[in-house]
Amino acid sequence: MEHMSDQPARWTQATVYPDMWVDPDDDPRNSEGPGPDGELPTLQGFLTDYRHTLRMKCEGLDAEQLARRSVPPSTMSLLGLVRHLAEAERDWRNWISDGDPLPKLYGKRDADFDDAVAEQAAVDAAYADLAREQAATDAALAAHPDLGERLGKDGIAVRELMVHRVEEYARHCGHADLLRECIDGRVGQ
């Protein structure tokens with residue numbers, strides 16, 4: 001006798017390797033060939049790949065699915081992750097600035113997750129916020145290619161900030177893997 005379940009069946013779009021998200025030819029993170037030369041291009045490459053991964057984990061979902069919470073009492077959702085990473089990008093610029101800090105993007109603490117609502121306007125705004133904040137942080141750091149340079153009031157090394165950015169996206173891509181699988185069963189790299 002089969003059991004009825006609210007759990008979606010696991011699936012992937014990949015046909016070459018069944019444990020992948022997409023086939024290698026369709027993967028924007030395709031890394032065939034030699035990697036970049038140098039520490040900064042390597043860090044930038046990993047950051048770019050994790051940014052692509054987050055977007056891939058969110059693609060094809062509607063506003064309700066993107067805003068769907070994981071498990072109580074957590075307020076984590078894919079939309080919340082997009083908003084959180086936009087907020088993090090803004091915070092990172094504050095770390096390297098000598099001036100007054102930029103205000104929080106979403107207001108109060110945890111509003112990035114708490115206020116991630118199932119409305120298309122909220123989804124569109126979150127993606128726009130993320131793209132804008134990523135571009136602004138990338139531009140601010142482009143002026144400082146020396147990874148050993150120390151910036152901001154606390155003298156954070158550019159290297160430390162770059163590694164932290166990679167770590168933050170990587171950790172949240174792990175969350176996105178589980179959130180997406182709970183939503184529709186899609187699995188893969």
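What's counted below: heavy atoms across the whole structure, side chains too, no hydrogens, waters or symmetry copies.
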Drop me the distance from [X]'s [atom1] to [Y]'s [atom2], to the nearest 0.5 angstrom.
X    : Y    : atom1 : atom2 : answer
E89  : T137 : CD    : OG1   : 4.5 Å
Q134 : R132 : CD    : CZ    : 11.0 Å
I96  : D91  : CD1   : CG    : 12.0 Å
R83  : L85  : CZ    : CG    : 12.0 Å
D177 : T53  : CG    : OG1   : 8.0 Å
M76  : D112 : CE    : CG    : 10.0 Å

Could you list the donor-acceptor pairs under 3.5 angstrom formed by side chains in residues 97-106, with sequence neighbours left out?
residue: S97; atom: OG; partner: G99; partner atom: N; Å: 2.9
residue: Y106; atom: OH; partner: D129; partner atom: OD2; Å: 2.8

Closest non-hydrogen atom pair, [X] against [Y]:
X    : Y    : answer
S74  : S70  : OG-OG, 3.2 Å
V123 : L79  : CA-CD1, 3.9 Å
R180 : M56  : NH1-O, 4.0 Å
D184 : R186 : OD1-N, 3.1 Å

Taking only residues two or more places apart in sequence, or in another chain, which ones meet [X] in a salt bridge (Lys or Arg N to Asp or Glu O under 4.0 Å)?
X    : answer
E133 : R90, R93
E149 : none
R69  : none
D114 : K108

query = Got a sec, which residues hit ring-ring contact (aromatic ring centres under 6.0 Å, His included) with F113, two or more places apart in sequence or on another chain?
reply =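 If we apply the ring-ring contact (aromatic ring centres under 6.0 Å, His included) test to F113, skipping adjacent residues, the hits are H84.
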Holding to side-chain contact (heavy atoms from CB on, under 4.5 Å), I want the full list of residues that pass it with [X], two or more places apart in sequence or in another chain.
X    : value
A157 : R150, E160
F46  : T42, Y50, V166
A176 : L54, K57, L78, L81

Residues R171 and E167 bridged, charged N to O under 4.0 Å =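 Looking at R171 and E167, the cut-off is met.
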query = If you measure from the Lys or Arg side-chain nitrogens to the Asp or Glu carboxylate oxygens, is any gap between E64 and R68 under 4.0 Å?
reply =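 Here E64 pairs with R68 in a salt bridge, since their nearest N and O are under 4.0 Å apart.
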request  = Flag the pair V158 / L161 as yes when at least one side-chain heavy-atom distance between them is below 4.5 Å, and no otherwise.
outcome  =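 Not in contact.
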Pairs touching residues 137-147 that satisfy salt bridge (Lys or Arg N to Asp or Glu O under 4.0 Å), sequence neighbours left out =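 Output for this query lists R51-D138, D138-R165.
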task = Among residues two or more places apart or on two chains, list those pairs meeting ring-ring contact (aromatic ring centres under 6.0 Å, His included) that have a residue in residues 53-83.
result =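 ring-ring contact (aromatic ring centres under 6.0 Å, His included) check on residues 53-83 returns no pairs.
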message = Show every ring-ring contact (aromatic ring centres under 6.0 Å, His included) that has at least one partner inside residues 132-161, sequence neighbours left out.
response =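 Checked against ring-ring contact (aromatic ring centres under 6.0 Å, His included) - neighbours excluded - no pair reaches residues 132-161.
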ask   = Do the rings of W92 and W95 sit parallel, tilted or perpendicular, given the 30° and 60° boundaries?
value =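 Taking W95 first and then W92, their aromatic rings stand perpendicular (interplane angle over 60°).
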